[in-house]
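Worksheet for the structure shown next.
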Amino acid sequence: MSAGITVDLRSPTPPYEQIRSQISSLIALGALAPGSRLPTVRSLAADLGIAAGTVARAYKELEAAGLVDSRRRGGTVVAAPAAGRPGSRGTVPVPASVQAAVDHYIAAGRAAHLSDEVLLDVLRGKLGRDAT
């Protein structure tokens, strides 16, 4: 799984947040199903070339959000969605057309040499403007 997770040490976003965000997105998209085991803190840290505490913080934040369950000796696994919980993921499937539009948006941004942070800022700006 670590092949899908990357950390950009030049990014202003802290590495733990980059990891948390990417795993959260994989869960939301269904790429990580409930019960899927995440890599150990040490193995993911070694794969990414970062401190184990950084990965541990990302996992703790995912657990606090109810996205994963961590058990001693049992590892960290994707949690089953909690019905009725505000902000609960997994209750609304993301249509393939929306996923394709997001893929196109990312590809266009990368072709324009925009950072992930700029792409997220543009998206947040558009979402905020449309919400009012």
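The first residue in the sequence is number 1, and the count goes up from there.
A continuous path of hydrophobic side-chain contacts links V7 to L38 [ILVMFWY only; heavy atoms under 4.5 Å]. Linking ILVMFWY residues whenever their side-chain heavy atoms come closer than 4.5 Å, directly or via other members, leaves Y16 and V68 in distinct clusters. Each of V55 and V77 belongs to its own hydrophobic cluster when Ile, Leu, Val, Met, Phe, Trp and Tyr are linked at side-chain heavy-atom distances under 4.5 angstrom.
Within the model, atoms CG of L48 and CG of L9 stand 9.0 Å from one another, a figure rounded to the nearest 0.5 Å. With rounding to the nearest 0.5 angstrom, the CG atom of L120 is 10.5 Å from the CG atom of L127. Note that CG of L67 is 5.0 Å distant from OG of S24, once rounded to the nearest 0.5 Å. Rounding to the nearest 0.5 Å gives a distance of 8.5 Å between CG of D8 and CD of E117. In this structure, CD in Q18 is found 10.5 Å from OG1 in T54, a value given to the nearest 0.5 Å. Atom CG of residue L26 and atom CG of residue L32 lie 5.0 Å apart, to the nearest 0.5 angstrom.
Residue pairs that meet the side chain to side chain donor-acceptor pair (under 3.5 Å) test with at least one member in residues 100-115, sequence neighbours left out, are R110-D116.
There is a side-chain donor-acceptor pair under 3.5 Å between S43 and T40.
The two atoms that bring A33 and V78 nearest to each other are O-CB, 3.4 Å, heavy atoms only. The two residues P34 and A80 make their nearest non-hydrogen contact at CB-CA, 3.9 Å.
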For this session: Walk me through it: do I19 and I50 pass the test side-chain contact (heavy atoms from CB on, under 4.5 Å)?
Result: CA-CA 11 Å; I19 296 166; I50 59 174; 3.5 Å; yes
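In this structure E17 satisfies the side chain to side chain donor-acceptor pair (under 3.5 Å) test together with R20, sequence neighbours excluded.
For R37 (side chain) and G74 (main-chain N/O), a donor-acceptor pair under 3.5 Å exists by modelled atom type. Remark: side-chain polar atoms of Q22 are paired, donor with acceptor, to backbone N or O of T6 under 3.5 angstrom.
In this structure, the side chains of P39 and Y59 come closer than 4.5 Å at one or more pairs of heavy atoms.
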